[in-house]
Trainee: 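Could you have a look at this structure, given as structure tokens, before my questions?
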Amino acid sequence: AAPGSVSGATAFKVDSPYVRYADGAIESDYMYDTTIVSRDAETGQLKAKPTKVHYQFQTKTSVGRVGLMLVGWGGNNGSTVTAAILANKQGISWETRKGTQEPNYFGSVMMASTVKLGVDENLRDVYVPFNEVVPMAHPNDVVIGGWDINSMNIGEAMRRAQVLPVDLQRRVYDELKVLKPLPSVYYPDFIAANQEERADNVLRGTKQEHLEQLRRDIREFKQANGLDRVIVMWTANTERYADIIAGVNDTADNLLQAIADGHAEVSPSTLFAVASILEGAPFVNGSPQNTLVPGAIELAERERSFVGGDDFKSGQTKIKSVLAEFLVNAGIKPLAITSYNHLGNNDGRNLSAPAQFRSKEISKSSVVDDMVGSNNLLYKKGEHPDHTIVIKYVPSVGDSKRALDEYVSEIFMGGLNTISIYNTCEDSLLASPLIIDLFMMTELMTRVTYRVKSDADAVEPQWQPFHSVLSILSYMLKAPVVAPNTPVVNALAKQRMAMENIMRAFVGLPPNNEMLLEHKAF
Ligand code: NAD
């Protein structure tokens, strides 16, 4: 195979006394520089103190065999990503009006973007593929499976989705038609009533029995395919929010008891999260609802299992998290952000119901908070731009979503600046690469442990995994779930920088910055 087309390929080796390649792992010593700010009690002046923290990271180099189980496998995203990975894996090209089209991974930050490694002897930048900084799983090697409340096989589901070009559909159909989703959990109260006709592949029994069946499904999928690890991802319909009720879903034990009692407020997605956590399978929520209720997060922490969410950040919100950052960092004050969406796929149909729309509205709304909060020259405490979100179901546009956004900002001397954006795109072609990135980044985090060293250590500190809530996935998510007392970052450039520099830290490389001192100081 060509370099980079298999799991675990890396583009370079680090030559440093602080990096060791041994025993199936890369181990790095890393000085983390931060600035601690305090305020002088008497003068009120800010004091900034540079500090260093000595971290050690250990990254297992063997990726092993990894599986991805999608909840909502037969949906537009699930069938599109499955068909696209198959086409990439087998090098299946197809005919279009413009000629032959080769498969690719465009839109995946891991598979189709690069990271600056450093400069060569002529001070020219050297870039490497993002997925070759540390050993990562390659999507071509992943075994895909999953559940759907609809029994349609993945070949037919791909046709129903009407996303991929018809010649490609023809070429992958035979291999996809043998893939059948496992029966799933259907509690009609959580998704729109208009989804009912799809529900012909559902588990009978109690909530506790459902939980046990999902756990068995994960174990059997792992065993049947000889997998070292399975990652579970929710790409099923958007659910309504679950009420957070004391004694029901507020703690790990209460949540487990609520499932045993068959409590009505435990959603299907939370049941999947709990099943995954108990099986040690990382769980990522690609939809906006509050799947990761406090009890689920506590359970993940207790079981040292990984969770991430919420809601794939695909089109409109991705642009918003770029544009709002640009405006605010340019000293321009957004006054109103107004977003309209028209979409005609099954997701749009489900979102035409008020409770499901409300979940999406919440997840789309918080995306400029961190940028607004960072600039107290433009915004007084508590002040916020108007932010309105409208979603309408327009069947004839199908998966080709329209997103219309207007940004009205205050500029110099009270002037106004209005930016208007009109975006058309196949929704599932945006979301599928995010599924791949979430899978790859999550898988990586299962192989990394760290410890903090200090001169005062009497005994060696223990290696430990990162926090159960994977905030490092934020780049791919609209409303990132983070660990308690951790800031939420929405700004896209910062989110990308976090992934890039954490991966560099794993191999003992300093963070990338744009100082270019080597060009300025000679
Ligand atoms: P879709 O309606 O085509 O697919 C969802 C699938 O989930 C359907 O096949 C449905 O039968 C199945 N399903 C519903 N409830 C289920 C359950 N309890 N268990 C198993 N399967 C179940 O939707 P889609 O376009 O693939 O989007 C999937 C999700 O991703 C939606 O919630 C959507 O809001 C979210 N999302 C999509 C995008 C995007 O496509 N660009 C972006 C962000 C978020």
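When a ligand or atom number is given, it counts from 1 through the structure's own listing order.
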Trainee: Under the side-chain hydrogen bond (donor to acceptor under 3.5 Å, both in side chains) test against Q257, which residue among D261, N254, D253 passes?
Mentor: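 The side-chain hydrogen bond (donor to acceptor under 3.5 Å, both in side chains) with Q257 is passed solely by D261 among D261, N254, D253.
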Trainee: One line per pair, note the atom names and distance for all nitrogen or oxygen contacts under 3.5 Å between ligand 1 and the protein.
Mentor:
unit_1, atom_1, unit_2, atom_2, d
ligand 1, 2 (O), N237, ND2, 3.1
ligand 1, 2 (O), N346, ND2, 2.7
ligand 1, 3 (O), N76, N, 2.8
ligand 1, 3 (O), N76, OD1, 3.3
ligand 1, 9 (O), G75, N, 3.3
ligand 1, 9 (O), D148, OD1, 3.3
ligand 1, 9 (O), D148, OD2, 2.8
ligand 1, 9 (O), R198, NH2, 2.8
ligand 1, 11 (O), D148, OD1, 2.6
ligand 1, 11 (O), R198, NE, 3.2
ligand 1, 18 (N), V185, O, 2.7
ligand 1, 19 (N), S184, OG, 2.6
ligand 1, 21 (N), I149, N, 3.4
ligand 1, 26 (O), N76, N, 3.2
ligand 1, 26 (O), N77, N, 2.8
ligand 1, 27 (O), N77, ND2, 3.3
ligand 1, 32 (O), A236, O, 2.9
ligand 1, 32 (O), T238, N, 3.0
ligand 1, 32 (O), T238, OG1, 2.8
ligand 1, 32 (O), S287, OG, 2.8
ligand 1, 34 (O), T238, OG1, 3.0
ligand 1, 34 (O), D347, OD1, 2.9
ligand 1, 34 (O), D347, OD2, 3.3
ligand 1, 34 (O), K360, NZ, 2.9
ligand 1, 40 (O), N77, OD1, 3.3
ligand 1, 40 (O), D427, OD2, 3.4
ligand 1, 41 (N), S314, OG, 3.0
ligand 1, 41 (N), D427, O, 3.1
ligand 1, 41 (N), D427, OD1, 2.8

Trainee: By the salt bridge (Lys or Arg N to Asp or Glu O under 4.0 Å) test, which pairs, at least two apart or in different chains, include something from residues 428-445?
Mentor: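 Output for this query lists E443-R447.
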Trainee: Taking ring-ring contact (aromatic ring centres under 6.0 Å, His included) as the test, write out the residues that go with F272, two or more places apart.
Mentor: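 Scan of F272 (ring-ring contact (aromatic ring centres under 6.0 Å, His included), adjacent residues dropped) gives W147, W234.
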Trainee: Among L68, D217, I218, find the one that has a side chain to side chain contact (heavy atoms under 4.5 Å, CB included) with V232.
Mentor: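 Of the listed options, the one satisfying the test is I218.
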Trainee: K207: which residues meet the side chain to side chain contact (heavy atoms under 4.5 Å, CB included) condition with it, sequence neighbours left out?
Mentor: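 Checked K207 against side chain to side chain contact (heavy atoms under 4.5 Å, CB included); matches are Y187, I259, V266.
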Trainee: Does a side chain donor of either H384 or D369 reach within less than 3.5 Å of an acceptor in the other side chain?
Mentor: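 Note: H384 and D369 side chains meet the donor-acceptor criterion.
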